[in-house]
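Chain identifiers are assigned alphabetically (A, B, ...) following the order of the sequence lines, protein sequences preceding nucleic acid strands; residue numbering begins at 1 within each chain.
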Protein chains: 2
Amino acid sequence: MVQKRNPPLPPRARPKAKTEPAKPQPAAGGVPPKRRGRPRAYEPDVALSRALDVFWKDGFAATSLDDLSAATGMNRPSLYGAFGDKRELYKKTYESYRNRARARMGEAFAADMPLRPMLLRIYGIALDMYLSGEDGPRGCFTVMTATSEAVFDPDIRALVVSGLGEMDRFFARLFKIAQERGELPASADPQVLANLASATIHTIAIRARAQIPRTELETLVNGAVDVMVRG
Amino acid sequence: MVQKRNPPLPPRARPKAKTEPAKPQPAAGGVPPKRRGRPRAYEPDVALSRALDVFWKDGFAATSLDDLSAATGMNRPSLYGAFGDKRELYKKTYESYRNRARARMGEAFAADMPLRPMLLRIYGIALDMYLSGEDGPRGCFTVMTATSEAVFDPDIRALVVSGLGEMDRFFARLFKIAQERGELPASADPQVLANLASATIHTIAIRARAQIPRTELETLVNGAVDVMVRG
DNA sequence: GCTTATTTATACGAAGCGGTACATAAATCA
DNA sequence: TGATTTATGTACCGCTTCGTATAAATAAGC
């Protein structure tokens with residue numbers, strides 16, 4: 001099975017896990033509250049990021065716990081203890097992806113440039129994400145999740161719906177601001193344009209996954225942006 | 001595992017398999033050339049259609065040979081003998097899907113109506129397909145395949161690329177004809193519009209899979225068509 | 001040093017997986 | 001009728017899967 005085996009990752013540097021991101025403990029101060037037993041040999045954030053790499057590449061069903069174990073450097077019982085079963089881990093992985101994607105898009109948004117360069121920049125970031133991956137382009141993890149697990153698991157479906165909606169609203173805000181600045185005709189409908197912008201995100205994600213070359217995707221994006229900035 | 005088990009299909013009516021669609025035999029006449037051994041208890045077309053139902057719903061990795069066996073009414077050795085292993089079966093299934101989709105779109109195309117109603121009709125057909133399915137909407141099988149198996153199997157990837165391209169060319173022809181008829185401004189770029197039209201197909205396929213309701217998808221389509229028919 | 005708390009490491013088990021060997025059934029051909 | 005050809009049905013194989021039971025390791029508290 002070609003798609004099952006990950007290349008044997010370099011033995012992950014195991015940080016000493018000093019910083020606890022969030023303690024359920026009612027302790028007030030942010031100081032490191034000494035834990036009682038054996039310290040963990042992993043950092044949850046790093047492990048989730050590693051798990052994301054595998055899920056993103058292979059999808060939920062084709063990813064085994066052994067794959068996840070190898071990728072994170074955690075053995076199976078530790079994985080289970082830390083994140084729950086495979087589905088739970090997938091959900092947490094997806095949330096970590098969303099946080100990452102949101103942060104990147106937030107940066108672009110904060111740059112506050114005119115509509116056209118802003119859109120081109122956003123699509124550039126998207127292409128960087130979708131075409132990255134050691135074993136070929138990975139596409140968009142939201143799209144991957146929508147086409148696989150979203151049908152069966154209501155929780156995951158809710159996450160995906162929220163992800164799609166967030167993207168739509170992000171673009172809608174962008175077009176609304178541009179319209180208020182006079183960069184778009186008054187007749188333009190920011191909501192419709194936002195849907196088109198999301199659709200363009202989705203289509204490049206799918207095509208990236210089919211290994212359509214970047215230049216072709218950029219041509220597609222340029223054309224789409226031309227239409228959008230015209231309102 | 002929720003997504004593994006199919007509801008036990010009603011015991012499929014087993015036709016007598018009289019019509020052989022295409023014989024590799026050099027025999028000329030189209031008359032039923034009598035086969036030698038025990039007659040098959042299935043019709044390949046029906047079996048492929050049944051297999052499509054399962055693959056489409058669950059994806060390649062989450063579909064077991066037992067699932068396929070149950071869906072087609074063929075036991076595992078028969079499946080193997082008829083279509084080869086799981087991957088081969090998937091490819092043949094995908095081709096049968098493409099044929100079906102092409103036929104439907106071809107009908108719409110042949111109707112030869114003005115651009116806007118034509119587009120609306122095409123998206124109506126797409127929505128019918130993507131929202132059908134006994135256990136929830138199924139999305140677009142090309143998109144599903146692109147996001148899963150296309151990464152690992154070059155043959156499947158080639159099929160997907162060809163499927164995406166066919167859709168693009170279909171829309172491009174549509175816009176070109178409309179432009180020649182004067183329904184679109186001369187400045188419009190049929191290729192760009194075709195990409196937007198495909199992107200709209202892709203986005204509604206993804207959203208359908210996330211169980212976004214049809215009315216919402218139709219609103220999205222209407223907005224996208226408004227932008228497209230303006231050129 | 002001993003107890004307690006927490007994590008890691010090994011190993012196991014029941015179930016499911018894709019694929020196939022082998023015997024049986026049903027047709028044609030001679 | 002008997003040989004041949006093709007398809008079916010059962011049962012099995014070796015392997016992988018997810019999850020867990022159990023023991024060893026490493027920290028703090030006393």
Side-chain angles (χ1 to χ4, degrees), chain A residues 1-6 11-12 14-18 20 23-25 27 31-44 47 51 54-55 58-70 72-90, chain B residues 1-6 11-12 14-18 20 23-25 27 31-44 46-47 51 54-55 58-90 149 153:
Chain A
M1 290 239 176
V2 161
Q3 81 268 40
K4 291 292 182 60
R5 286 272 138 259
N6 309 355
R12 188 170 76 82
R14 302 222 185 148
K16 281 135 286 171
K18 285 216 194 84
E20 289 277 274
K23 288 283 296 182
Q25 219 170 335
V31 277
K34 295 195 173 182
R35 293 179 57 86
R36 196 78 145 74
R38 175 172 175 171
R40 27 170 87 118
Y42 62 92
E43 265 184 317
V54 190
F55 275 137
D58 291 346
F60 177 83
T63 299
S64 72
L65 286 185
D66 279 343
D67 294 334
L68 294 164
S69 190
T72 57
M74 303 164 65
N75 46 36
R76 232 168 17 231
S78 291
L79 263 181
Y80 207 85
F83 305 112
D85 70 3
K86 201 177 158 188
R87 294 202 103 77
E88 287 302 316
L89 172 55
Y90 190 87
Chain B
M1 289 240 179
V2 161
Q3 83 269 40
K4 289 292 180 60
R5 287 270 138 258
N6 308 355
R12 189 170 76 79
R14 304 220 185 150
K16 280 135 285 171
K18 284 214 195 89
E20 289 278 275
K23 288 283 296 181
Q25 217 169 338
V31 277
K34 295 197 172 180
R35 294 179 57 88
R36 193 81 145 69
R38 174 172 178 172
R40 27 170 87 117
Y42 63 91
E43 264 183 317
V46 178
V54 190
F55 275 136
D58 291 347
F60 178 84
T63 300
S64 71
L65 287 186
D66 279 343
D67 294 334
L68 293 164
S69 191
T72 57
M74 302 164 64
N75 47 35
R76 235 163 21 219
S78 292
L79 263 181
Y80 207 85
F83 305 112
D85 70 3
K86 198 179 160 187
R87 294 202 102 77
E88 287 302 316
L89 173 55
Y90 190 87
E149 296 315 294
D153 189 309

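In plain terms, the two heavy atoms of Asp153(B) and Arg87(B) that are nearest each other are OD2-NE, 3.0 Å. Across all their heavy atoms, Leu79(B) and Leu65(B) have their closest contact at CD1-O, 4.3 Å. The minimum heavy-atom distance between Phe55(A) and Leu89(A), with the atom names listed, is CE1-CG, 4.0 Å.
Regarding contacts with the backbone of dA9(C), a side-chain N or O of Asn75(A) is found under 4.0 angstrom from either OP1 or OP2. Listed pair Ser78(B) / dT8(D) meets the phosphate criterion, a side-chain N or O lying under 4.0 Å from OP1 or OP2. OP1 and OP2 of dT8(C) both lie 4.0 Å or more from every side-chain N or O belonging to Arg38(A). At the phosphate of dG18(C), neither OP1 nor OP2 sits under 4.0 Å from any side-chain N or O atom of Tyr80(B).
Heavy-atom distances to DNA chain D give each of Arg76(B) and Asp85(A) a nearest nucleotide, and the one nearer the 5′ end belongs to Arg76(B). Take the nearest nucleotide of DNA chain C for Leu65(B) and for Gly37(B): the residue whose nucleotide is more 5' is Leu65(B).
Rounded to whole angstrom, the span from the CG atom of Asp58(B) across to the P atom of dC17(C) amounts to 11 Å. Between the P atom of dA7(D) and the CD atom of Glu43(B) lies a distance of 14 Å, rounded to the nearest Å. A straight line from NZ of Lys86(B) to P of dT20(C) spans 14 Å, rounded to a whole angstrom. In this structure, Met74(A) atom CE and dT10(C) atom P are separated by 15 Å, rounded to whole Å. Put simply, CG on Leu68(B) is 17 Å from P on dG16(C), counting in whole angstrom units. Between Arg40(A) atom CZ and dT26(D) atom P there is a gap of 17 Å when expressed in whole angstrom units. Following rounding to the nearest Å, Leu79(B) (CG) and dT20(C) (P) show an atom-to-atom distance of 13 Å. Rounded to whole Å, the distance from CG on Asp66(A) to C1' on dA9(C) is 14 Å.
One donor-acceptor pair, N or O on each side, does fall under 3.5 Å between the base of dT4(C) and the side chain of Arg36(A).
No donor-acceptor contact under 3.5 angstrom links the side chains of Asp66(B) and Ser69(B), judged on distance only.
In this pair, Phe83(B) and Tyr42(B) present their aromatic rings tilted. The plane angle is within the 30 to 60° band.
Here the side chain of Ser64(B) is nearest to one of dA7(D), dG19(C), dG18(C), namely dG18(C). The side chain of Pro77(B) approaches dT10(D) more closely than any other nucleotide in the set dT10(D), dT8(C), dT8(D).
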